[in-house]
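Input: a single structure, listed below in structure tokens.
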Amino acid sequence: MSEDSLDNTIYDTVVLGTGLVESIVASQIAATPALDADNDNVENKNYLKVLHIDRSPYYGGTSACFSLSAFIEWAAKYRDQRQTPFVKIVFGNVQSNDDEKKQEQIETHVFVIDAVESALTNPDTSVSSNNSQAQTLLTMIEPFYNPADDLQATAKDAAMLLSQTTLNLLLANDRKYSIELAPKLALCRGAMIDMLIDEGIGEYVQFKGIEHNYVVRGTLLERVPETKEDVFASTTLSLIEKRKLMRLLSVISDDEQCQGLLEEARVVDDFKLFLQTRFRLEGKLLDAVLFAVARVGYNQTIGAVNGCERVRKYVRAMGRYGRMAYLCAMYGGASELSQAFCRLCAVSGGTYILNTDVDISKSDDGLFDVHMPSYGTVKAKSIVMDPVYDPKGTVSSNGAAVSRALCIIDKPVLGEDTSVLLCHVDDANMQTTSMLYLTHATQAVPQGQAIIYAWSNGKLCSKMQEQLQKAMDSICSQAVPLFTAFFEVNQIVLCSPELYLGTNIPDSLIDFDSAVEEALELSKKLENKLAEL
Amino acid sequence: MHGRRRELIREPTVDEKAQAKQRVEKYCALNTQVMELRARKEHSEDALAATKRLLELNTELHTVWNYRREIFAHLEAWRVTEKKKAMLEQELEFLLEIIMKNIKSYWMWNHRTWVLCQLPSPSWDRELKLVAKLLAIDARNFHGWDYRRFVVSKIREASVDPAAVDRSEFLFTTEQINRDCANHSAWHNRSKLLPAILEELTEEKRQEVIGKEVDLILNAIYTDPDDQNAWLYHEWLLDVQTGADAKCALLRNKVAAIREFLELEEDSKRPLIELVDAFIAMDDLKSGQVSDSEKKECFYVLNKLKDIDSYHIGKYADTESTLQRRWTEQP
């Protein structure tokens with residue numbers, strides 16, 4: 001894109017950040033007819049002009065997906081320090097055959113990257129520190145950019161050497177990793193899937209079904225029976241439990257009975273109580289419905305109507321594309337979907353610029369000035385942004401944050417070619433942790449390995465870290481954790497929310513529907529704003 | 001096939017009608033030709049080819065299947081063992097092609113059976129695999145199940161350990177039932193195999209196996225109490241028992257299980273009906289089996305059923321009056 005063609009253009013909307021919500025909004029606006037008075041009768045309608053910018057050299061923003069080296073680069077270079085203050089990376093020991101030794105070594109291979117290595121493109125805000133851990137990692141990665149015959153060990157002590165060995169081993173298959181910052185699934189029948197179908201962009205993304213849904217307590221995995229066949233064949237449910245579950249499933253699946261149920265549920269504020277009194281669910285059956293199906297947190301209380309609707313959504317999703325309720329995209333769901341929506345926006349006339357710094361200010365003529373170092377300044381009527389683009393943005397004071405962890409293991413412990421959803425329940429700490437186990441089946445890792453994601457609402461204090469580690473350990477105690485990472489994602493609040501429209505960080509819910517809802521709401525607000533001008 | 005939606009039929013276009021007319025004319029011509037050949041008792045290779053073309057279009061012409069078998073028997077090559085074998089193998093291939101068009105043709109399955117019986121050493125294992133595939137597509141196709149029973153009986157005959165064959169078949173029905181507990185054909189097949197399985201066991205083992213069967217039935221009942229299969233299978237289990245005492249014992253267990261179920265769901269229609277039937281059955285077997293309070297319970301349940309299931313109020317009233325006559329009449 002040359003400088004000349006951008007100047008003198010007034011964009012209806014400039015969107016900053018190519019995260020999922022931003023991308024959906026961009027595609028919606030680009031397909032909205034312009035609000036000119038004489039537009040309706042024109043053969044070739046004018047549509048709203050959208051300029052979509054991302055300062056990183058990749059798509060996806062806070063939902064991006066990376067190869068292993070790119071993930072380390074993100075941790076070292078591209079993450080926003082307010083949003084993610086630090087990233088903790090732990091390397092596993094691949095050499096020792098002794099399990100204890102493996103554990104021992106792991107303690108020393110910890111890198112806490114708390115400073116961004118090099119300024120993104122603005123030299124004034126660069127933070128450089130000597131001996132920064134990030135530098136070490138980058139130095140480790142460097143040989144792979146310029147392949148050389150010998151790999152000189154740059155590590156000075158044995159511990160570093162071991163880390164480097166592990167990293168070298170992993171980087172040999174670097175491009176086969178698709179590490180997501182915010183993994184999510186698509187309900188087979190839901191807002192996201194419907195949108196993909198309506199917009200005709202379904203074929204840009206490939207999906208695989210989520211084969212199993214488990215509740216984990218201690219190290220015990222209990223599969224959630226989802227259909228009549230599952231219930232019949234289950235060997236862990238008692239007869240009475242089977243009956244209760246079947247009754248719930250049949251009432252929820254039947255439209256008429258479900259209506260009646262929702263009427264009853266209207267007066268009950270606590271879904272858990274409703275399940276206990278109306279369906280007499282208890283013990284592991286209650287767990288399965290509450291945690292694994294409705295995906296309610298341990299200490300979370302939701303209304304009975306909300307709960308029933310969640311169960312209904314889940315049950316209705318089954319059978320559309322197969323036995324499963326959820327689909328998992330290949331090569332990283334949120335990232336692939338962002339790209340699909342960006343493509344849609346581009347086809348509708350949107351313009352894309354990646355890898356450029358951008359600076360926004362309100363101009364005297366009532367419009368916004370959007371300045372990019374290599375492209376000059378353009379004008380915009382409205383701005384939608386991922387709040388990390390606001391240099392004056394601050395971390396949300398109500399503590400809205402999601403803590404995330406991921407672990408690449410050397411054995412596919414839950415199955416070689418499957419994708420599994422789990423919920424870890426910890427009674428002692430009253431916590432539930434959502435987990436996702438992915439394999440080569442969705443191109444998340446090379447064949448023979450697996451990746452586990454764990455996440456939970458809240459800041460990444462040491463207790464939270466222990467919690468996430470415990471959750472991941474519960475299913476992979478037999479495998480070597482090759483690469484583990486922990487980071488938190490804070491919601492950044494815009495300094496001037498009356499001027500700009502900001503998006504939220506990916507939440508801790510398992511499916512994409514909340515992102516679609518948020519995007520559609522934003523699009524509406526934006527359209528109203530533009531109409532007022 | 002089961003579980004498939006019927007496709008809406010729309011009015012054919014002019015082109016389609018013309019094409020259909022052509023196909024019908026071709027078919028009629030072929031049919032006439034084959035029938036003429038048959039009347040002339042022609043048993044040549046050409047006649048064989050003509051019957052093949054006709055049967056490809058319509059597998060239901062049993063006369064033509066018969067004719068085809070006649071032709072085979074009269075061919076020169078038939079007398080040479082090797083050539084006969086080759087022809088039969090080819091015939092199996094032919095049948096395999098047309099089976100997919102129409103799985104429910106009696107005559108085609110019959111012909112396949114004939115071919116296999118003609119072969120000196122047919123591969124029953126291959127046949128078993130074929131049937132397994134078919135049942136994977138349509139688990140309730142009785143042609144498939146019938147054929148499977150035929151193949152298994154042949155395997156059994158040739159086997160050194162017929163009991164092992166029975167057991168593996170039994171396991172197959174377990175798999176099918178687990179896949180779909182409403183699969184009547186699977187339950188039915190299981191009921192056919194059970195006597196053979198029970199025969200070779202000690203009394204203690206028998207009780208164990210029957211206990212497991214009851215568990216399976218209860219499993220199905222708790223999953224879907226309105227599905228008939230499990231209840232019918234229980235009836236059948238009763239028949240396998242010898243002696244009124246053994247039967248009454250089984251019925252007592254049934255009553256206990258139903259009572260437990262009703263604690264959970266007191267207005268479930270089918271279990272309530274089965275409860276009354278169980279008492280009636282016990283009474284039929286041996287007098288004095290049903291206590292007075294249980295008789296009262298029956299009347300209470302029947303009244304309840306009249307409320308819950310008003311469609312069949314006549315039936316319940318009828319049962320009620322029969323019982324009244326039976327139980328208030330003292331000899």
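The figures here come from the full heavy-atom set of this structure, side chains too, leaving out hydrogens, waters and symmetry mates. A note on names: the letters A, B, ... follow the listed sequences, proteins ahead of strands, and every chain is numbered from 1.
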- Query: So, A/D287 and A/K284, do they make that salt bridge, N to O below 4.0 Å?
  - Reply: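 Answer for the salt bridge query: no.
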
- Verdict with reasoning, A/T432 to A/R295, per side-chain hydrogen bond (donor to acceptor under 3.5 Å, both in side chains): CA-CA 9 Å; A/T432 50; A/R295 303 214 77 83; over 6 Å; no

- Item | Non-neighbouring partners of A/F207 that pass ring-ring contact (aromatic ring centres under 6.0 Å, His included), sequence neighbours left out |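 Residues passing ring-ring contact (aromatic ring centres under 6.0 Å, His included) with A/F207: none at all.
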
- Can you list every side chain to side chain donor-acceptor pair (under 3.5 Å) pair that touches residues 197-208 of chain A, not counting sequence neighbours?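 Matches after skipping sequence neighbours: A/Q28-A/E199.
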
- Item | A/K272, NZ: over 12 other non-hydrogen atoms inside 6.0 angstrom |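 Result for NZ/A/K272: open.
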
- Message: Please list all pairs meeting ring pair (Phe, Tyr, Trp, His ring centres under 6.0 Å) that have one or both residues in residues 245-291 of chain A, counting only residues at least two apart or in different chains.
- Response: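 Every pair satisfying ring pair (Phe, Tyr, Trp, His ring centres under 6.0 Å) with a residue in residues 245-291 of chain A: A/F291-A/Y298.
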
- Sorted by number, residues from residues 231-262 of chain A in contact with chain B (heavy atoms, under 4.5 Å):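 Hits under 4.5 Å: A/V231, A/F232, A/A233, A/L239, A/I240, A/K242, A/R243, A/K244, A/M246, A/R247.
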
- Picking from B/R179, B/E260, B/E263, which has the most non-hydrogen pairs under 4.5 angstrom with chain A?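 Result: the option with the highest number of such pairs is B/R179.
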
